[in-house]
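Scroll down for the structure; my scribbles are underneath it.
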Amino acid sequence: MQEPNIDPKFLKPYDPKETEDRIYKLWEESGFFNPDVCIEKGVTDKNASVFSMVLPPPNVTGTLHIGHASMLTIEDIMVRFARMQGKRTLWLPGTDHAAIATQSKVEKILEKEEGKRKTDLGREEFLKRVEKFAQESHDTIVNQSKKMGASLDWSREAYTLDAKRNFAVRTAFKKMYDDGLIYRGHRIVNWDPKGQTVISDDELVYKEEKTKFYYLKYGPFIIGTARPETKFGDKYVVMHPEDKRYAEYKDGQKIDLEWINGPITATIVKDESIDMEFGTGVMTITPWHSTVDFEIAERHNLEKEQIIDKYGKLLPIAGEFSGMKIKDAREKIIAKLEAKGLVEKIDENYVHNIATAERTDAVVEPQIMNQWFINVNKQIKDRNNKTLKELMLEAVKSGDVNIIPDRFEKVYYNWIENLRDWCISRQIWYGHRIPVWYKGEEIYCGVEAPGGEGWEQDSDTLDTWFSSGLWTFSTLGWPDLNAPDFKTYHPTSMLETAHDIIFFWVARMILMSTYILGEVPFKTVYLQGVVRDAQGRKMSKSLGNAMDPLEVSAKYGTDAVRMSLIVGTGPGNDTKMSEDKIRAYKNYANKLWNITRFVLSSTEFTKYDKDFNKYTERENALVEEVDGLIKEITKEMEEYKFYLVSEKIYQYTWSRFADVIIEQSKEIFLSGTDEDKESRAEFLLSTLIKILKILHPFMPFVTEEIWSLMPIENKKLLIVEEWPKV
RNA sequence: GCGCGAUUAGCUCAGUUGGUAGAGCAACCCGUUUACACCGGGAAGGUCGGGGGUUCGAGUCCCUCAUCGCGCACCA
């Protein structure tokens with residue numbers, strides 16, 4: 001064969017480094033990430049069906065990890081596929097201010113680098129620091145997303161804390177306030193003594209802890225406790241009404257007894273929530289510092305007393321122990337009780353779960369506080385008297401929201417059943433300020449500050465998930481119901497995210513959208529798994545096994561990283577990553593490169609003719625084979641089975657097209673008839689084109705680069721080429 | 001306590017509606033004037049966690065047990 005007259009690039013292995021930035025720039029300049037441009041330039045029909053999706057906004061707490069890379073890849077595949085199918089396709093980017101996460105990150109840096117606390121700077125100055133940090137993180141994240149090849153419409157980029165989103169938040173808050181769904185109340189909440197803020201039930205992380213369990217003499221009873229330091233105020237002793245052992249004691253009966261700091265009068269309370277099997281079947285309650293105790297106290301209208309302050313120290317009610325940290329006080333209290341002969345027994349090996357704060361790791365102390373809540377059990381007039389809980393349940397039960405894989409529907413229902421009112425106020429500085437103002441006894445809630453003198457705004461900010469909950473529509477122009485984007489793209493088609501934020505985010509979006517708009521936020525939820533290392537461990541900085549997506553991408557090429565994140569990864573299942581796997585797909589990119597080189601050099605005598613119809617019987621059979629595969633693949637793409645498609649197209653190109661068909665072609669081009677040669681050449685060219693198109697959503701860079709070197713007249717960029725029809 | 005997932009080749013994992021078990025990496029043999037050594041050809045490797053059932057036929061469906069992992073609730 002003569003020296004081929006093809007692009008000299010093909011004489012060297014495929015070089016992702018040289019290619020990727022250039023190709024991404026080409027896409028950006030084309031404007032095809034923006035559906036409006038696609039319509040303007042005539043590659044998308046104005047009335048085409050819509051595919052819309054918001055990017056789960058990454059937290060501006062640093063850089064993207066491999067999990068984000070996996071998210072970007074899966075979503076980019078969905079988007080590129082939809083775009084190639086001719087759909088009006090919008091993928092909307094943004095970042096999340098992540099309130100408490102970002103604030104605590106900056107606090108840590110401030111402490112480490114300057115030895116200062118946020119109070120040393122003051123609210124305004126500290127917020128400037130946070131904003132600077134957030135901006136830097138944002139820039140890194142955007143840059144990383146582009147490196148991953150994400151075809152996001154950057155012209156529509158949003159931030160959960162920018163002015164537009166803040167307006168949406170205030171509007172939503174006001175609506176909920178007016179409907180009585182948002183209320184302020186003294187209720188038991190999760191207090192993080194380290195972060196000095198309240199957190200929601202979902203921000204708790206339970207950890208097993210081995211501790212001592214004390215059996216104490218409480219008058220005629222033996223009570224068990226792991227937390228003697230909360231017992232100072234215990235003046236109610238509770239038992240089950242049907243417990244025969246304690247039948248002689250009547251509800252409301254008073255008993256004088258000797259306790260930690262002297263004689264007290266205790267009151268008998270009978271309550272059915274008591275587990276007769278546990279311990280002695282008798283307990284004293286501390287309503288201020290225990291959710292269950294609080295609920296008992298509410299039922300029986302009992303007094304509640306605070307024992308522990310906001311810093312985890314004992315209050316004057318503890319007498320001589322006042323001012324001590326609870327951990328230090330515990331042993332000393334027990335020593336005193338022992339001296340008084342009130343300790344019956346100590347179990348040394350008691351295991352219980354302690355609640356810690358997700359962000360600060362501190363042991364959470366339940367406290368009764370005045371906070372803002374969303375009532376999930378109040379009937380809503382405008383929504384057929386349904387409650388938020390019911391709305392959330394119905395959205396999924398009705399099939400309006402379809403969760404993939406469907407086993408997560410059960411998890412979702414289970415969460416809703418156990419859902420309590422959502423505490424939305426936070427005592428942190430970074431976030432959306434609560435749009436409520438006070439003047440003496442007066443209270444005002446509004447989208448804008450009230451007129452007149454002397455009004456002071458609530459100092460608390462909102463849980464970050466409040467603004468995230470609005471994300472599908474706050475990004476599309478809402479509260480303006482006539483905003484073109486809102487009308488065109490909502491409800492969104494797809495929400496793709498990791499399964500660990502199904503409650504935090506997915507559920508809250510359904511809550512907000514069904515309540516505020518009366519429609520679901522998205523039609524399909526695709527939940528992906530966690531990315532793990534080759535040993536199956538969760539990737540984390542502390543384990544030192546975190547894989548930097550940019551680092552491996554620089555080493556093996558982004559396309560290889562993308563493929564390795566997709567192949568063999570079904571929805572909801574965790575992904576295991578190893579460099580070996582990535583290397584395999586780097587080789588694949590190069591294989592594709594060399595296939596192209598062979599096809600182009602051996603078909604120079606012909607021209608690609610998309611209407612070619614003079615295939616011999618042999619090529620007709622091959623066309624039928626490949627079209628059958630494409631049919632299968634297209635169906636699987638529509639079912640989001642990317643793990644199957646990627647594997648199949650890989651197998652076909654390498655084992656079938658390269659190893660068999662190309663090998664066979666050498667003989668045909670050497671000694672076949674002109675008819676044979678033409679038929680084969682057309683087959684090779686047209687099939688390579690099909691392969692490039694199918695592969696494009698998975699490996700966008702190498703396919704677009706090869707596409708640019710193909711001898712096709714009047715071609716568009718591959719990103720907006722049509723998906724092969726069979 | 002309630003629920004979910006996993007268990008397939010040495011390792012990491014696929015296997016869509018039940019129809020002769022697949023890939024990557026590793027290991028073995030052969031091959032470089034060949035589109036590609038980031039390669040090709042060949043061979044090897046699995047009683048699909050155990051047991052039971054349904055079926056003409058089960059990795060796949062049902063029951064049960066075991067081990068590992070996860071979620072939720074409780075935790076006086």
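Residue numbers start from 1 in every chain, and the chains themselves are labelled A, B, ... in the order their sequence lines are given, proteins ahead of strands. Just so we're clear, the structure is a prediction, and the values are computed from it rather than from any experiment.
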As a test of reading the structure: which of [options] is closest to the side chain of [X], going by heavy atoms?
X: E647(A); options: rA35(B), rC75(B), rA23(B); answer: rA23(B)
X: A658(A); options: rG40(B), rA35(B), rA14(B); answer: rA35(B)
X: K648(A); options: rC72(B), rU16(B), rC74(B); answer: rU16(B)
X: Y650(A); options: rC74(B), rA35(B), rG24(B); answer: rG24(B)
X: E663(A); options: rC36(B), rC75(B), rG71(B); answer: rC36(B)

Separation of atom [atom1] in [X] from atom [atom2] in [N], rounded to whole Å:
X: K591(A); N: rC39(B); atom1: NZ; atom2: C1'; answer: 6 Å
X: R656(A); N: rG22(B); atom1: CZ; atom2: P; answer: 16 Å
X: N590(A); N: rC38(B); atom1: CG; atom2: C1'; answer: 5 Å
X: E208(A); N: rC72(B); atom1: CD; atom2: P; answer: 14 Å
X: F598(A); N: rA35(B); atom1: CZ; atom2: P; answer: 6 Å
X: R583(A); N: rC11(B); atom1: CZ; atom2: P; answer: 20 Å
X: Y588(A); N: rC36(B); atom1: OH; atom2: C1'; answer: 14 Å
X: L644(A); N: rG15(B); atom1: CG; atom2: C1'; answer: 8 Å

Quick one: label [X] by what it contacts on the DNA or RNA (base, sugar-phosphate, nothing), any heavy atom closer than 4.0 Å.
X: E636(A); result: base
X: Y585(A); result: nothing
X: K12(A); result: nothing
X: V238(A); result: nothing
X: K666(A); result: base
X: D659(A); result: sugar-phosphate
X: F10(A); result: nothing
X: Y643(A); result: sugar-phosphate
X: Y556(A); result: nothing

(request) Would you please indicate if the ring centroids of Y588(A) and Y650(A) are separated by under 6.0 Å? (result) yes

(request) Check whether any side-chain N or O of T356(A) sits under 3.5 Å from a backbone N or O of V205(A) as a donor-acceptor pair, and report yes or no. (result)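 Present.
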
Using atom [atom1] in both nucleotides, what's the gap between [N] and [M] to the nearest angstrom?
N: rG59(B); M: rG22(B); atom1: P; value: 13 Å
N: rC72(B); M: rC28(B); atom1: P; value: 47 Å
N: rG45(B); M: rU34(B); atom1: C1'; value: 30 Å
N: rG50(B); M: rU7(B); atom1: P; value: 12 Å
N: rC2(B); M: rU64(B); atom1: P; value: 13 Å
N: rG46(B); M: rC11(B); atom1: C1'; value: 14 Å
N: rC25(B); M: rC63(B); atom1: C1'; value: 38 Å
N: rG57(B); M: rU20(B); atom1: C1'; value: 12 Å

(request) Taking atom types as modelled, find out whether H240(A) and D271(A) have a side-chain donor-acceptor pair closer than 3.5 angstrom. (result) no

(message) A quick test of your reading: do over 12 heavy atoms of other residues, nucleotides or ligands sit less than 6.0 Å from CD of E551(A)?
(response) no

(message) Tell me whether Q651(A) at atom CD has more than 12 heavy atoms from other residues, nucleotides or ligands lying less than 6.0 Å away.
(response)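 Enclosed.
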
Produce the list of close N/O pairs, under 3.5 Å, pairing protein atoms with atoms of nucleotides 2-5 of chain B; give distances to one decimal.
residue, atom, partner, partner atom, Å
rC4(B), OP1, K410(A), NZ, 2.9

(message) Assuming nearest nucleotide by heavy-atom distance, tell me which of P13(A) and I223(A) is located more 5' along RNA chain B.
(response) P13(A)

(message) If you assign each of N587(A) and I274(A) to its closest nucleotide in RNA chain B, which residue comes earlier from the 5' end?
(response)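 Its nearest nucleotide being more 5', the pick is N587(A).
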
(message) So, does W654(A) get its side chain near the phosphate of rG40(B), meaning an N or O under 4.0 Å from OP1 or OP2?
(response) yes

Scan the side chains in residues 209-219 of chain A for donor-acceptor partners under 3.5 Å anywhere in the protein, sequence neighbours excluded, and list what turns up.
residue, atom, partner, partner atom, Å
E209(A), OE1, H352(A), NE2, 3.4
K210(A), NZ, N349(A), OD1, 3.2
Y218(A), OH, D234(A), O, 2.7

(request) For the residue pair Y246(A) and Y249(A), categorise the inter-ring angle as parallel (less than 30°), tilted (30 to 60°) or perpendicular (more than 60°). (result) tilted

(message) Does the plane of the ring in Y526(A) sit parallel, tilted or perpendicular to the ring in F642(A)? Use 30° and 60° as the thresholds.
(response)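 The arrangement is tilted - the two ring planes meet at 30° to 60°.
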
(message) Quick check: do K9(A) and D15(A) have side-chain heavy atoms less than 4.5 Å from each other?
(response) no

(request) Answer yes or no: is there a side-chain heavy-atom contact under 4.5 Å between V401(A) and E409(A)? (result)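 No - every pair of side-chain heavy atoms lies 4.5 Å or more apart.
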
(request) Identify the heavy atoms of E272(A) and P241(A) that sit nearest to each other, and give their distance. (result) CG-CG, 3.6 Å

(request) Answer yes or no on whether K397(A) is positioned over the face of Y413(A), meaning its NZ or CZ is under 6.0 Å from the six-membered ring centre and within 45° of the axis. (result)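 So K397(A) does make the cation-pi contact.
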
(message) What does the 5'-to-3' dot-bracket notation of RNA chain B look like when only Watson-Crick and G-U wobble pairs under 3.5 Å count, and pairs to other strands show as |?
(response) (((((((..((((.....[..))))..((((.......))))......(((((..]....))))))))))))....

